[in-house]
Amino acid sequence: MEKQWFTISVYSENHVGLLNRISGIFLKRHINIESLNVSKSEIDGVSKFTIVIYSTEDWAIKIVNQIEKQVEVIKAYYHTDDETIYQESALFKVASHLLFDERQIQNIIKEHHSQIVTVSREFFVLAKTGRRHEIDEMHEALEPYGIMQFVRTGRIAVSKDAMPITNILAEFQNQ
Amino acid sequence: METLKAQKKDKKKSTAIRITGAEAIIHCLLAEGVDLIYGYPGGAIMPVYDELYKFQDKLTHILTRHEQGATHAAQGYARVSGRVGVAMATSGPGATNLVTGIADAQIDSTPMVCITGQVARHLLGSDAFQETDIVGISTPVTKWNYQITRAEEIPEIMAKAFYIAKSGRPGPVLVDITKNAQFDELDFVYEKCTGVRSYKPAPEPELSAIEKAAELINNAKKPYIVFGQGVILGEAEEQLKALVEKAGIPAAWTILGLSAMDTDHPLNVGMVGMHGNYGPNVLTNECDVLVAIGMRFDDRVTGNLETYAKQAKVIHFEIDPAEVNKNVKADVAVLGNAKETLELLLPLVNKNEHKEWLAEFEAKHKIEYDTLIEKDIYPTKPGLTMGEVIEQINVASKHKAVIVSDVGQHQMIACRYAKFKQTKSNITSGGLGTMGFALPAAIGAKMGAMDREVVAIIGDGGYQMTIQELGVIFQHNLPVKIVVLNNDHLGMVRQWQELFFERRYASTVMTNPDFVKIAEGYHIKSRRVVERSELKDAVEEMMASKDPYFLEVRVEKEDNVFPMVPTGASISDIILK
Ligand SMILES: Cc1cc2nc3c(=O)[nH]c(=O)nc-3n(C[C@H](O)[C@H](O)[C@H](O)COP(=O)(O)OP(=O)(O)OC[C@H]3O[C@@H](n4cnc5c(N)ncnc54)[C@H](O)[C@@H]3O)c2cc1C
Ligand SMILES: Cc1ncc(C[n+]2csc(CCOP(=O)(O)OP(=O)(O)O)c2C)c(N)n1
Ligand SMILES: [Mg+2]
């Protein structure tokens, strides 16, 4: 089976040990986590893990089954890139004098639709949200001028299909 | 709604008692019906032990001689009784000593709750004396675990622990309790846990899947059942038997499914897997419908997956969705507790007989019997075999004993030849293959079924891994029957060296102590058998003993267990000798 990108979305109780438990599932099978993001979800008190892997569908299914089996996991899904809307964010810290010395910088900011988050005497910070390749492109554009610091988030994604967690929780309540 | 809530709160208040966390733990155990626990004390769990002292009329604590022994004893207890086994230890080394047993219980789905003491909350993360991150360490090998740092958490977490350990696919749960939470007081009320919102113990049976399964079974010419421990865990033995008999389907066991069905039942055709029977292995690759019930297609069962039952439609009765299509692709997955799903299936299957198909099993059995079984259990040449010892035990126990085996050649021989009439009678470490399991597990098995004979079958290697538990047998005069099949070798590894490593016997020969003297040191009645002529009498004497009994049998040093499916080979290529 061919490898491709999968976004695994996990809805869970907000429990301290769970991250360890979930990452162990990948570790045990030598499946690299390409990116990981944990945040709150649309439901009060429910956390959401967004995990990106590059693997076969067979493994994606097995991993999701193993994750879903964990006591504190409410539901886990896997999606291909086509089935999700996804983005990443990045911050670039760049020396302030470049804004004045290098005319190109202004153009890069505009062309890549990035925002200036802050400007100080020594540095300014640019934020960029988009697909991985868009961030990479902006990185490439800025690199010749010197990037003081760079950081990128894990992927965040919502699925095109519904993920009916509320129903699952309601079902439990009615038992 | 508001008033209801208020009432509930009031009720809570009125029945609450103000006690320490340590005492609360005892009350939780009692509320869960626990009357027996295994463990070992130490600094971080001392407040609980202090309470155990006060409650000793209600709750028996057995001091094993090593924490690993406590877990295996709890496992043995759980496996014969179907109840949750409980093991307790102090922080640090006490807790880490539990890990092997926890991993064993996880892979073999044994319900167990482990309670560990932990350093006080304010010391966590400071590398305090005997601090280990047991929650971190045990995460990959527990069904669930939790660290309690406040006394108020105790009742809810303990209730959850027992619920999770026992429900659905059972497994081990570890609760780590900081010392301050044991000392502090709380308003104690206990409510049993009836559900956890993020956790679904068993999927709802789907009628459409059951109908599809019935159709496949009804149209099959060569249907074949392989049953596993899920039948025992789900207490579906009756339903399995009813299905086998109604549809006339030959059925074989995995070693953890063994004893779920009478071994002498005419449709019980034997054991699958690496050291299983000839017919059950070879005919897996000839059946047209393979019905797997409560078994997980372990690689010791399937051999090479590329050549496993490729011709057959596979029906998988399974409680854990993660097991479906994990190793073998199921054409029909019947999710749910096997007891329920089989019950629903039964009226849909037609009465049938498959005489010709069954005759194929009989023919293969004859080949196996003539080439090796007869020589194993009724040998005529000099040198005692493990098989004849098991056969003597069968005769003397009338198939009624609980057999607890360790890991190695003797285990395979015990699983191949031991006879059973009653379920939950074959206790062995399957998935982890933990040497040292049997002696402590036999202690637990005996205490979980005091009215039954418990015979431990152990190799000379594994025996020395937990031999110290003789102390428990002696102290409590537990009438466990211990049989050491002594071949002066790590036999199973030696067999592999002989067959696959050109007889380079690296570290598998042992110079053993006088096992009889050791047992005598513990004041356990004991006997050694060297000659065939003494065997029958010795086994009879052992079985008749009202006290614990140790029997060492000097068996052939370099015997091999056959048949055998070499690792990675197809089950069709099973070797008979
Ligand atoms: C030296 C050695 C050699 C071995 N050789 C063999 C061999 O030759 N043959 C052999 O069979 N084994 C052998 N084993 C054991 C093997 O490794 C596995 O442990 C064993 O095959 C597992 O059996 P199982 O699938 O029935 O049980 P488990 O591993 O306990 O699996 C039980 C399955 O049933 C499911 N289940 C649980 N409850 C229910 C329920 N209520 N309803 C439905 N499903 C349920 C579980 O989810 C799980 O999938 C050997 C082990 C050792 C150490
Ligand atoms: C704790 C542990 N260590 C190592 C092994 C690997 N192992 C499997 S069987 C075996 C030999 C067992 O020897 P013995 O107990 O004498 O039994 P025999 O095979 O001789 O009957 C070994 C070393 C194991 N299963 N468990
Ligand atoms: Mg040996």
Side-chain angles (χ1 to χ4, degrees), chain A residues 1 8-31 40-41 43-49 56-78 163-175, chain B residues 103 106-107 109 124-125 133-149 153 157 160-161 163-176 193-204 296 305 318-330 333 335:
Chain A
M1 237 195 274
I8 295 174
S9 306
V10 184
Y11 285 87
S12 75
E13 301 294 355
N14 181 6
H15 178 61
V16 266
L18 194 57
L19 176 59
N20 188 10
R21 209 169 255 286
I22 289 181
S23 65
I25 291 171
F26 293 86
L27 181 71
K28 193 169 155 185
R29 293 166 182 81
H30 282 251
I31 292 180
K40 67 180 200 175
S41 70
I43 301 149
D44 237 6
V46 172
S47 301
K48 185 171 181 178
F49 291 68
T56 61
E57 180 161 16
D58 192 41
W59 272 115
I61 294 171
K62 285 178 183 170
I63 289 276
V64 162
N65 283 338
Q66 293 297 335
I67 293 176
E68 205 163 282
K69 168 163 147 176
Q70 305 309 318
V71 169
E72 268 112 2
V73 170
I74 299 164
K75 183 85 190 156
Y77 300 89
Y78 74 94
M163 297 202 263
I165 303 305
T166 325
N167 298 355
I168 296 171
L169 295 180
E171 224 173 84
F172 176 82
Q173 230 68 51
N174 295 334
Q175 265 170 24
Chain B
Q106 169 82 343
I107 200 159
S109 299
L124 284 172
D133 175 14
I134 193 61
V135 169
I137 290 173
S138 66
T139 291
V141 291
T142 46
K143 184 171 173 187
W144 186 68
N145 60 12
Y146 191 88
Q147 185 175 65
I148 293 177
T149 55
E153 295 176 278
I157 295 301
K160 217 170 145 181
Y163 173 72
I164 291 168
K166 186 72 179 77
S167 58
R169 180 178 183 172
V173 168
L174 180 136
V175 180
D176 192 33
C193 177
T194 54
V196 175
R197 76 168 185 174
S198 54
Y199 165 66
K200 195 161 195 180
E204 289 303 322
R296 61 182 175 84
L305 281 172
E318 177 55 68
I319 201 167
D320 177 358
E323 289 297 343
V324 172
N325 298 332
K326 188 182 86 175
N327 297 333
V328 171
K329 183 116 190 57
L335 287 173

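Taking OH from B:Y146 and CG from B:L174, the interatomic distance works out to 13.5 Å, rounded to the nearest 0.5 Å. With values rounded to the nearest 0.5 angstrom, A:I61 atom CD1 is found 3.5 Å from A:Y78 atom OH. A:Y11 contributes atom OH, which lies 15.0 Å from atom OG of B:S198 (distance to the nearest 0.5 angstrom).
Taking 4.5 Å as the heavy-atom cut-off, the residues of residues 163-171 of chain A that approach chain B are A:L169, A:E171, ordered by number. Within residues 64-71 of chain A, the residues having any heavy atom less than 4.5 Å from a heavy atom of chain B are, in residue-number order, A:N65, A:Q66, A:K69, A:Q70, A:V71. Interface with chain B: from residues 15-26 of chain A, residues A:H15, A:N20, A:R21 qualify, criterion being any non-hydrogen pair under 4.5 Å.
Of the two parts of B:T194, neither the backbone nor the side chain holds a non-hydrogen atom closer than 4.5 Å to a non-hydrogen atom of chain A. At a 4.5 Å heavy-atom cutoff, the contact between B:V196 and chain A is made by backbone and side-chain atoms alike. Residue B:P140: no heavy atom, backbone or side chain, is found under 4.5 Å from chain A. Proximity to chain A is limited to the backbone of B:N325, based on heavy atoms less than 4.5 angstrom apart.
Side-chain contact between B:K143 and B:Y199 is present, with at least one heavy-atom pair separated by less than 4.5 Å. Using a 4.5 Å heavy-atom cutoff, the side chains of B:W144 and A:E72 are in contact. Counting only heavy atoms from C-beta outward, the side chains of B:V328 and B:L305 approach each other to under 4.5 Å.
Using modelled atom types, no side-chain atom of B:Q106 and backbone atom of B:G171 make a donor-acceptor pair closer than 3.5 Å. One N or O on the side chain of B:E153 and one on the backbone of B:T149 form a donor-acceptor pair closer than 3.5 Å. Of the possible polar contacts, none joining the B:S109 side chain to the B:R169 backbone as a donor-acceptor pair under 3.5 Å is found. Between the side chain of A:N14 and the backbone N or O of A:G45, no donor-acceptor pair lies under 3.5 Å.
Here the shortest heavy-atom pairing between B:Y163 and B:P201 reads OH-CG, 3.4 Å. Between B:V175 and B:A161 the shortest heavy-atom distance is CG2-CB, 3.7 Å. The two residues B:P321 and B:L335 have their closest heavy-atom pair at CA-CD2, 3.9 Å. Of all non-hydrogen atoms in B:P172 and B:V141, the two that sit nearest each other are CG-O, 3.6 Å.
Evaluation of the side-chain contact (heavy atoms from CB on, under 4.5 Å) rule for A:D58 yields A:M1, A:T56, A:K62 as partners, not counting sequence neighbours.
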